[in-house]
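What follows is a set of notes on a single structure, which appears directly below.
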Number of protein chains: 2
Amino acid sequence: MDEIDELLSIRAAELYYEENKTQDEIGQALNLTRWKVGRLLAQAKHRGFIRIEIVHPRARRLPIERRLRDERGLDDAIVVSSAGVASIEELQARTAQAAADYLTALRPVPRTLGVSWGRTLFEISQHLRNGWATGVNVVQINGGVSLNRRAGTAAATAVSIAQKGGGQATLLPSPAILERLETKEAIESDRVVAGVIELARSADAYLFSAGAADHNSVHVESGYLSPTDVDLLVAKGAVGDVVGRYIDSDGNIVDPALDARTVGLTLDELRAARLAIAVVAGPAKHAVADAVVRSGLCSVLVTDEATALHLLDG
Amino acid sequence: MDEIDELLSIRAAELYYEENKTQDEIGQALNLTRWKVGRLLAQAKHRGFIRIEIVHPRARRLPIERRLRDERGLDDAIVVSSAGVASIEELQARTAQAAADYLTALRPVPRTLGVSWGRTLFEISQHLRNGWATGVNVVQINGGVSLNRRAGTAAATAVSIAQKGGGQATLLPSPAILERLETKEAIESDRVVAGVIELARSADAYLFSAGAADHNSVHVESGYLSPTDVDLLVAKGAVGDVVGRYIDSDGNIVDPALDARTVGLTLDELRAARLAIAVVAGPAKHAVADAVVRSGLCSVLVTDEATALHLLDG
DNA sequence: GGCCTTCCTGCTCATATGAGCATTCCGGGC
DNA sequence: GCCCGGAATGCTCATATGAGCAGGAAGGCC
């Protein structure tokens with residue numbers, strides 16, 4: 001395509017998209033046949049001169065979703081648009097909304113849903129509508145008795161999801177990470193705890209997020225880890241955590257000793273699940289999102305456009 | 001339109017614009033008739049959820065041009081798109097290019113073109129192609145014998161426009177602003193100078209820019225004014241200059257004494273012209289652009305999108 | 001210069017889309 | 001319960017558009 005045609009295609013595009021002229025009218029205006037105009041417009045589209053964006057908080061990016069499915073082997077992918085997004089909070093809200101929408105539309109409706117906890121999960125629970133399902137029982141898949149002011153968030157999340165879905169929540173009455181291996185084993189052998197974990201293993205679907213390996217983590221905030229602990233994990237290659245278990249960029253456990261003191265489903269149990277929905281948004285989580293997808297921790301990913309593009313191109 | 005329909009219209013738009021599905025296919029996918037889909041898409045467009053942008057340095061904004069013509073009484077307006085613009089320099093280049101394109105396409109071709117000088121005019125001269133016209137004579141409309149290193153820019157601009165247009169340049173051999181009124185009157189009564197100004201008055205068309213009233217002005221750079229002079233003009237309400245004459249936001253001369261010492265066409269002569277093309281770009285010139293258009297200094301405006309929107313909404 | 005290949009142009013025809021209209025549905029008033 | 005007005009729906013039909021093809025121009029190669 002020479003420069004003349006390039007310019008003509010721009011003029012044609014202006015008349016077509018901004019002035020709503022027909023290709024025929026454009027042809028008359030520019031002294032071209034309507035077929036030539038059609039070809040110029042096709043060229044302009046093909047060469048990326050025409051950018052069409054859907055500007056709406058609920059807008060998704062289907063072509064990127066397709067690429068994630070095809071190129072990264074996911075069963076499904078939900079990518080929310082970043083167009084017109086003003087803040088990271090809004091991005092997270094959009095993603096949480098999309099996750100809530102996905103859960104609501106999920107068929108068959110899971111009888112038992114295993115959930116993790118954290119800021120993302122809490123937000124999803126807020127975006128779910130009353131009656132999003134009928135009779136969905138919710139079970140926590142990792143420890144989450146909070147140690148401080150945030151106490152109750154983990155429980156509130158599971159309870160809210162269950163209540164709005166017309167079911168019961170089963171909480172895992174245990175800290176996320178214990179200081180001593182013996183304590184962790186003792187807790188896990190407790191009849192109630194063991195029962196909950198057994199129930200969690202039998203869930204039809206899992207819904208969880210991933211955390212970045214930084215001082216902003218809920219594990220630091222909840223007091224399970226100190227900022228120094230996180231620094232050490234990062235030094236060992238940690239990019240983030242899933243259900244409280246810190247992984248490197250290949251999805252491997254970074255610190256087996258720490259992992260052994262962490263209560264809840266193991267990552268391999270998660271990997272073996274038929275339906276594991278990861279919800280990960282924001283630039284801070286690009287690395288951990290990559291590790292999650294790469295190592296097959298989820299079969300469905302709900303994320304934002306920038307993170308998705310990072311997974312595909314980065 | 002309720003929320004359900006709003007969401008459906010977004011889903012439909014995704015399938016239509018991103019997946020290139022037909023409205024019929026979308027209907028099947030979403031359990032709607034194809035007419036409903038068509039209506040949803042129309043709604044989505046109408047409510048601004050669909051944003052179509054033409055991303056190209058030569059792209060123009062025809063709807064804004066129309067508004068400028070209709071609402072601001074211009075004979076013609078050229079508005080270059082700001083989409084994907086990286087720097088102010090690029091914006092100015094785009095605008096200069098558009099001005100060059102406009103001149104090239106101008107019919108009837110002017111026999112004599114009056115031009116001012118400055119950075120914008122110089123850039124336009126660079127963007128013009130050899131043979132953009134055949135036999136266009138160019139005459140300077142304001143004084144421009146530079147006093148310093150920039151010497152020659154003013155002359156080079158006029159000569160370049162003339163040469164590329166297959167004509168001759170007539171330079172105005174006079175400083176832009178003189179220190180004493182008597183000198184200015186003496187120069188203007190010089191036979192050569194008087195002849196050039198007479199020729200300038202008879203031009204078929206004028207091409208000029210406007211300068212912001214700041215220390216970055218070419219008049220400061222060329223030594224005709226000191227930064228302090230400009231500060232004083234600003235204090236008197238100056239928003240910028242046209243052919244070396246400083247105006248306030250209503251287009252009135254700010255300092256009649258200074259104006260009397262300025263050589264070249266007067267603003268009223270410019271206002272009386274049949275075809276006066278002003279080329280003004282960049283955020284620094286929003287105020288002066290407004291004054292130019294408001295006071296009828298130009299019949300044709302070439303500008304950038306942001307400046308145009310400022311004229312319309314600001 | 002003649003020939004061949006390749007790309008481009010203008011066409012026919014099938015399909016997709018939008019305008020306008022009749023019908024149906026729904027909520028409010030009696 | 002019944003009627004009515006207004007909105008939403010599904011339709012017919014005219015128009016706009018894209019796919020595919022035949023003919024022709026342009027340019028390279030002998």
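Here the structure is a predicted model, which is why all the values come from computation and not from measurement. Just so we're on the same page: letters track the sequence lines, and every chain starts at 1.
- OP1 or OP2 of C/dG10 lies within a sub-4.0 Å distance of a side-chain N or O belonging to A/Thr33.
- Look at A/Lys36 and A/Asp5 and you find a salt bridge, because one of the NZ, NE, NH1 or NH2 atoms lies within 4.0 Å of a carboxylate O, short of that distance.
- A/Arg58 has a carboxylate O that lies under 4.0 Å from a charged side-chain N of B/Glu3, or vice versa, which qualifies the two as a salt bridge.
- Not a single donor-acceptor pair, N or O on each side, falls under 3.5 Å between the base of C/dT17 and the side chain of B/Trp35.
- Judged by distance alone with a 3.5 Å cut-off, a donor-acceptor contact links the side chain of A/Arg39 to the base of C/dG10.
- Here C/dT9 presents its P atom at 9 Å from CG of A/Leu40, a figure rounded to the nearest Å.
- Here the C1' atom of nucleotide D/dT9 and the CG atom of B/Asp2 are 15 Å apart, to the nearest Å.
- Between the side chain of B/Asn137 and the backbone N or O of B/Gln168, at least one donor-acceptor pair lies under 3.5 Å.
- A salt bridge does not link A/Glu123 with A/Arg119: every distance from a Lys NZ or Arg NE/NH1/NH2 to an Asp or Glu carboxylate oxygen is 4.0 Å or more.
- B/Asn20 places its CG atom 10 Å from the P atom of D/dA19, with the value rounded to the nearest Å.
- Contact annotation: A/Tyr16 does not reach the phosphate of D/dA16 (side-chain N/O to OP1 or OP2, under 4.0 Å).
- With rounding to whole Å, B/Arg34 atom CZ is found 11 Å from D/dC13 atom C1'.
- Dashed line: the shortest gap from a side-chain N or O of B/Gln23 to OP1 or OP2 of C/dG18 is under 4.0 Å.
- We find that CD1 of A/Ile26 is positioned 12 Å from C1' of D/dT17, with the value rounded to whole Å.
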Exercise. Which is it for A/Arg67 and A/Asp313 under the salt bridge (charged side-chain N to carboxylate O under 4.0 Å, His left out) test, yes or no, and what are the steps along the way?
Worked result: CA-CA 11 Å; A/Arg67 287 186 61 200; A/Asp313 308 327; 3.5 Å; yes

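- Taking atom CD of A/Gln28 as the reference point, atom C1' of D/dA16 lies 14 Å away to the nearest angstrom.
- The CD atom of B/Gln43 sits 14 Å away from the C1' atom of D/dT9 (whole-angstrom rounding).
- Between B/Leu41 atom CG and C/dA16 atom P there is a gap of 15 Å when expressed in whole angstrom units.
- Picking from C/dT17, C/dT9, D/dA16 the nucleotide with the shortest atom distance to the side chain of B/Thr22 gives C/dT17.
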